[in-house]
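Written below as structure tokens is the structure these notes are about.
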Amino acid sequence: MPLRVATFNIHHGVGLDGRLALERTADVIRRTGAEVVGLQEVDRHLSVRSGWVDQATWLADRPGMDVVYGANVDLDPDDPDDPDAPRRRYGNAVLAAHPIRAWRNIPLPGSDGAEPRGVLETFIDVDGTTVRVLDTHLQNRSQVERIAQAERIVEVIAASPAPAVLLGDMNATPGTPEIGVLTAALVDTWRVVGVGDGLTFDAATPHARIDYVLTSPGVTPRTAAVVRTDASDHYPVVADVAI
């Protein structure tokens with residue numbers, strides 16, 4: 001069974017020109033043609049920088065996709081005296097053209113004072129087959145923490161027999177220990193079917209491959225491509241897989 005997936009760090013909808021333009025972000029997501037998209041750096045009523053918008057819902061509503069959101073930063077409302085004011089959140093989201101049947105956001109190891117990180121695990125019904133899609137954004141400042149986070153993600157994936165696809169901004173290049181932890185258990189689709197260097201960061205001067213589509217046994221990579229855009233400081237990666 002074929003499935004197209006994509007990962008995209010959207011930089012809270014701000015492009016290389018410094019403008020907040022969610023419609024531009026949505027257009028990039030549409031251009032991938034992906035049925036399941038893992039997004040990172042997604043604001044939900046967070047602050048003025050993203051216009052207080054629930055970006056996850058906004059981006060899912062445009063193509064009519066299911067959406068779940070994993071808040072790794074969860075702050076009090078801007079107006080604590082307003083009982084209807086939403087909490088201010090920042091994290092990852094999964095958009096799916098198929099029904100999302102279950103999900104959970106799992107905290108990842110980290111040190112005191114570091115930005116909290118998590119892996120958003122979803123169980124998606126793709127034409128009667130349950131596919132597990134996980135979305136994450138690893139620590140950017142500490143390799144020690146990234147290694148611990150990668151180890152925890154591998155534990156999570158090993159806990160279920162369902163075929164799995166891991167999407168995310170790993171903040172690490174191929175050949176690093178943290179990517180080695182992941183690829184000891186999962187297949188890096190770019191290494192198998194990608195063409196070229198696959199650089200995804202930064203979009204202004206691409207020099208590093210830090211955004212990945214990784215697959216478990218039971219998922220076969222068919223194609224992988226980088227989508228060039230100025231809608232974020234990252235390029236998305238889109239991959240066709242067979243379940």
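- With Glu145 contributing its side chain and Pro109 its backbone, the two residues share no donor-acceptor pair below 3.5 Å.
- Looking only at distances, a side-chain donor or acceptor of Tyr212 sits under 3.5 Å from a matching main-chain atom of Ala172.
- Two different hydrophobic clusters hold Phe8 and Leu167 under the rule that ILVMFWY side chains link at heavy-atom gaps under 4.5 Å.
- Side chains of Asn171 and His137 form a contact here, defined as non-hydrogen atoms less than 4.5 Å apart.
- No side-chain heavy atom of Val193 sits under 4.5 Å from any side-chain heavy atom of Arg222.
- For the pair Leu186 and Leu166, the minimum side-chain heavy-atom distance is below 4.5 Å.
- Val37 is not listed as a side-chain neighbour of Val5, based on a closest heavy-atom distance of 4.5 Å or more.
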Exercise. Should Leu3 and Asp240 be marked as a side chain to side chain contact (heavy atoms under 4.5 Å, CB included) after you check the CA-CA gap, both sets of side-chain angles, and the distance that decides it?
Worked result: CA-CA 6 Å; Leu3 182 69; Asp240 289 305; over 6 Å; no
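- No continuous path of hydrophobic side-chain contacts links Ile106 to Trp103 [ILVMFWY only; heavy atoms under 4.5 Å].
- Closest approach of Pro163 and Ile243 over heavy atoms only: CG-CG2, 3.9 Å.
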Problem set entry | Derivation of the side chain to side chain contact (heavy atoms under 4.5 Å, CB included) call for Val53 and His12 | CA-CA 10 Å; Val53 168; His12 52 272; over 6 Å; no
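- Using a 4.0 Å cut-off between charged side-chain N and carboxylate O, Arg104 and Glu121 make a salt bridge.
- A 6.0 Å sphere centred on CZ of Arg228 holds no more than 12 heavy atoms belonging to other residues, nucleotides or ligands.
- At a cut-off of 3.5 Å, with distance as the only test, no side-chain donor of Asn72 or Glu115 sits close to an acceptor on the other residue.
- In this structure a side-chain-to-backbone donor-acceptor pair under 3.5 Å is present from Arg132 to Ile157.
- Between Arg87 and Pro77, the closest heavy-atom pair is NH1-CD, 4.2 Å.
- A distance-only check finds a donor-acceptor pair linking the side chain of Thr200 to the backbone of Ile210 [under 3.5 Å].
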Exercise. Given Val119 and Asp135, is the side chain to side chain contact (heavy atoms under 4.5 Å, CB included) satisfied, shown in steps?
Worked result: CA-CA 6 Å; Val119 58; Asp135 180 32; over 6 Å; no
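- His207 places a side-chain N or O within donor-acceptor distance of the main-chain N or O of Thr205, the cut-off being under 3.5 Å.
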For this session: May I have the step-by-step check of side chain to side chain donor-acceptor pair (under 3.5 Å) for Asn140 and Arg117, ending in yes or no?
Result: CA-CA 10 Å; Asn140 63 324; Arg117 304 285 174 157; 3.2 Å; yes
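- The minimum heavy-atom distance between Val227 and Arg31, with the atom names listed, is CG1-NH1, 3.7 Å.
- One side chain, Asn9 or Asp169, offers a donor N or O that lies under 3.5 Å from an acceptor on the other.
- Summarising the geometry of Val241 relative to Val219, their closest heavy-atom pair is CB-CG1, 3.7 Å, with the distance given to 0.1 Å.
- Side chain of Thr136 to backbone of Gly118: a donor-acceptor contact under 3.5 angstrom is found.
- Using a 4.0 Å cut-off between charged nitrogen and carboxylate oxygen, Arg209 and Asp188 count as a salt-bridge pair.
- Under the 4.5 Å side-chain heavy-atom criterion for grouping Ile, Leu, Val, Met, Phe, Trp and Tyr, Leu134 is connected to Leu214 within one hydrophobic cluster.
- Taking a cutoff of 4.0 Å between a charged side-chain nitrogen and a carboxylate oxygen, Asp78 and Arg88 do not qualify as a salt bridge.
- Side-chain contact, Thr176 with Gln143: no donor N or O sits under 3.5 Å from an acceptor N or O.
- Annotation for Asp197 and Trp190: closest pair C-NE1, 3.8 Å, computed over non-hydrogen atoms.
- Using a 4.0 Å cut-off between charged side-chain N and carboxylate O, Asp230 and Arg19 make no salt bridge.
- Counting only distance, with no hydrogens or angles, the side chain of Thr122 and the backbone of Val133 share a donor-acceptor pair below 3.5 Å.
- Salt bridge annotation for Glu23-Arg30: present, with a cationic side-chain nitrogen under 4.0 angstrom from a carboxylate oxygen.
- Judged purely by atom type and a 3.5 angstrom limit, Tyr69 uses its side chain to pair as donor or acceptor with the backbone of Tyr90.
- Looking at Arg44 and Thr57, their side chains do bring a donor and an acceptor atom within 3.5 Å of each other.
- The closest donor-acceptor contact from the side chain of Asp74 to the backbone of Arg89 lies at 3.5 Å or more, if one exists at all.
- Across every non-hydrogen atom of Tyr235 and Leu199, the tightest pair is CD1-O, 3.5 Å.
- With 3.5 Å as the limit, one finds a donor-acceptor pair spanning the side chains of Thr7 and Gln40.
- Side-chain contact check for Glu35 and His98: at least one donor-acceptor pair (N or O, by modelled atom type) lies under 3.5 Å.
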Problem set entry | Working for side chain to side chain contact (heavy atoms under 4.5 Å, CB included), residues Asp43 and Arg49 | CA-CA 9 Å; Asp43 288 359; Arg49 78 175 187 181; 2.9 Å; yes
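- Hydrophobic clustering of Ile, Leu, Val, Met, Phe, Trp and Tyr side chains at less than 4.5 Å, counting indirect connections, keeps Val94 apart from Trp58.
- Checked by atom type and distance alone, the side chain of Asp125 pairs as donor or acceptor with a backbone atom of Gly128 at under 3.5 Å.
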